[in-house]
Amino acid sequence: MAMIELRRIQRRYVVGDIVVRAIRGLDLDVDTGEFVAIMGPSGSGKSTLMNTLGCLDKPTEGSYVLDGLETSKASPDEFADLRNGKIGFVFQGFNLLSRTSALENVELPLFYDRSGSKIDPKARAKAALEEVGLGDRLDHKPNQLSGGQQQRVAIARAMVKDPAFILADEPTGNLDTEMTMEVMSLFQELNDRGVTIVMVTHEPEVAAYTKRIITMRDGAIVSDASVTDRRRASDDLEDWKKKHAALAVAEAAV
Amino acid sequence: MTFAKLVRASALSIFRNKMRSFLTSLGIIIGVCSVIVMVAVGTGSQAQIKKQISSMGTNLIMVMPPRGPREANRLSMADVEKIRSEASYLSAISGEVRLSGSKVVGGSGYWSTSVYGIEPDFIEIRNWAVQSGEFFTDKDLAARSKVAVLGTTVAAKLFPGEDPMGKSVRIGTTPFTIVGMLSSKGSTGMGNDQDDVVMVPLNTAVNRLMRDRTIESIEMSVVREDLMDEAQAEITAILRESHKLSAGDDDDFDVMNQSEIIKTASQTSQTLTTLLAAIAGVSLMVGGIGIMNIMLVSVTERTREIGIRMSVGARRRDILLQFLSESVILSLLGGSIGILLALGLSWALKTFMSMPTLVSPAVIAASAGFAAAVGIFFGFYPARKAANLYPIDALRYE
Ligand SMILES: Nc1ncnc2c1ncn2[C@@H]1O[C@H](COP(=O)(O)OP(=O)(O)OP(=O)(O)O)[C@@H](O)[C@H]1O
Ligand SMILES: [Mg+2]
């Protein structure tokens, strides 16, 4: 059974007299363990789709079954619990709490945990930050971290509760090449461990790290293809670093 | 989310904005402080009044005209005489008239003061004493002698640095010879100078200084405390007979014992206390509105934070409780500071301005409770506003 089943999803926004049809009858299945990139021009409805998948927004029409649960009938509280337990969301703008340490940011989903699990939030958050390579930045506030580091904190927050599935809306949109590769290698590691990932990106190079590319236009899917020559972000990162070092040496020689 | 976590998170966010939090609580601080101080001053002066009346003498009974127009007063010297000869439980009795704001001329000029027309028993009933000379006697009374006994304040004003004994003062057009000086009683807590007084024989006052022949009150001491009720009943019966009231008529006078006198005397100050406390209570409300205002600003300012919290799984209730506990903590903090401030202030009033303040634990508890209630009441609307935000709208908020 698919982890995500979207059937005839529509999302309309009414702004004054104008009705914006952001998603127009969209069908999509995503299986467990998939790594999906969503591409398409600006305004094609990618973010709207992600917000729907992330239970941050309800579709105007259609059915969304997440892990066997029909979400269209869920109450706001059930929606909150889904976001807390099943989904990790990574945003383009990081969306970290300012003036709050990295550790406390990562603890946040555990703060709202209602499963009654006995895990120590501090230890768990610390482990998650170590996994994204920020074990030495626990007490840093977001404004004391680089963009790539902030996004890694956000990823640590998204995975701290071991969600079945991670959603990322242009997670590398604000990052440079090196940071992008860092983040993508993290996603690939997570995906290797069985976490389902759906992410939006504008860059074909980034999409090349995923397993499946969906292209949207005007609120509908126009193409859906598997990635044939999938790249490893960690390898690319190493190459890039080597090249960079060589370049630096050459520059120094000149 | 546990209660401890909630309080911790709210406290953190309050301390992150120390200055704003302080300014927000200022309304509550001032409100709570003024409620406690007002009530402290009020109850303090009431306690003072009580002490004073108790010190007036023991087992005091007072007869006064009924409340209402002056014309309803039917108390007379004849009533005093009838009680004196017929009542069986009294150790002392004195009729009394008072002329406040009387101009007394003599010595170095004139002085406006209260003139009491009384009988010799009065100083026994009121536990008063003469420091020099003598108090006038029953003989002076019978003879309507024009003699006067001065309080220390009047003596100091009219005869500074002199011995007033044997000198003469004029009250209205009547000259009086000074035969004695009262010992000092000091001022009441409310600032009334008890020594600002001139005492003359009742008969002289009624005949020479008053326009009509009624008297203003009759004061009596009962021999033993356990006879108060009997004495009161007997006096009532004597006066009813004296005023020729038939069985169905209401009393045209008031017989009050000491505790009733205290109640009457402290009524004004009680009303004043209530009024002041109410005004202070209004400032507490205004403080609450201040909290609501800041919480509303805070909700707008922190819309993104709310969105982030919702995106990681906060339920509406979590957000509601977070903001509610922030406003309650703010108002409780303000309340606590207000209480400390009030304690300091009433101590200062007592120590440096000799105002008889009395801080009661009940008032402290009540104002702390009220502060918390204000926090809940005025925090609820902003908190609900925050909780009802739609996650994606909150996240997108710029
Ligand atoms: N809150 C809203 N109110 C009204 N219209 C909206 C709202 N959010 C999105 N839209 C409209 O829905 C359409 C799809 O928007 P969406 O943000 O999903 O696009 P996108 O594919 O994510 O674009 P981008 O690549 O620029 O992020 C757009 O036409 C947009 O104007
Ligand atoms: Mg978008």
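A note on names: the letters A, B, ... follow the listed sequences, proteins ahead of strands, and every chain is numbered from 1.
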Mind running side-chain contact (heavy atoms from CB on, under 4.5 Å) on B:Ser311 and A:Leu56 for me, showing each step along the way?
CA-CA 7 Å; B:Ser311 77; A:Leu56 292 168; 3.8 Å; yes
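Looking at B:Arg304, only its side chain comes within 4.5 Å of chain A, counting heavy atoms on both sides. The contact between A:Pro76 and chain B is made entirely by side chain atoms (from C-beta outward), counting heavy-atom distances below 4.5 Å. Using a 4.5 Å cut-off between heavy atoms, A:Asn51 contacts chain B through its side chain alone, with no backbone atom that close. Only the side chain of B:Ala9 has a heavy atom closer than 4.5 Å to any heavy atom of chain A. Of the two parts of A:Leu96, only the backbone, made up of N, CA, C and O, holds a non-hydrogen atom closer than 4.5 Å to a non-hydrogen atom of chain B. Using a 4.5 Å cut-off between heavy atoms, A:Phe79 does not touch chain B at all. Within the 4.5 angstrom heavy-atom criterion, only backbone atoms of A:Leu110 (N, CA, C, O) approach chain B. A:Lys86 does not touch chain B: none of its heavy atoms, backbone or side chain, sits under 4.5 Å away.
Within the 4.5 Å cutoff, no side-chain heavy atoms of B:Val312 are placed close to those of A:Arg83. A 4.5 Å side-chain heavy-atom check between A:Asp57 and B:Tyr390 finds at least one atom pair inside the cut-off. Between B:Ile308 and A:Leu108 there is a side-chain heavy-atom pair separated by less than 4.5 Å. Residues A:Asn84 and B:Met310 have side chains not in contact (no heavy-atom distance under 4.5 Å, counting atoms from C-beta outward).
Between the side chain of A:Arg114 and the main chain of B:Gly313, a donor-acceptor pair closer than 3.5 Å is present.
Summarising the local packing, NZ of A:Lys126 is surrounded by 12 or fewer heavy atoms from other residues, nucleotides or ligands at distances under 6.0 Å. For A:Arg24, the CZ atom counts as densely surrounded, since its 6.0 Å shell holds more than 12 non-hydrogen atoms of other residues, nucleotides or ligands. Atom CZ of B:Arg20 sits in a crowded spot, with more than 12 heavy atoms from other residues, nucleotides or ligands closer than 6.0 Å.
Applying the salt bridge (Lys or Arg N to Asp or Glu O under 4.0 Å) rule to pairs touching residues 305-315 of chain B yields A:Asp77-B:Arg315, A:Asp81-B:Arg315, B:Arg302-B:Glu305, B:Glu305-B:Arg309, sequence neighbours excluded.
Atom OG of B:Ser13 is separated from atom CZ of A:Arg99 by 9.0 Å, given to the nearest 0.5 angstrom.
By the 4.0 Å N-to-carboxylate-O rule, B:Arg8 lies too far from A:Glu107 to be salt-bridged with it.
Comparing B:Leu12, B:Ile392, B:Asp393 by heavy-atom pairs within less than 4.5 Å of chain A, the highest count is held by B:Ile392.
Summarising the geometry of B:Ala314 relative to A:Ala80, their closest heavy-atom pair is O-CB, 3.6 Å, with the distance given to 0.1 Å.
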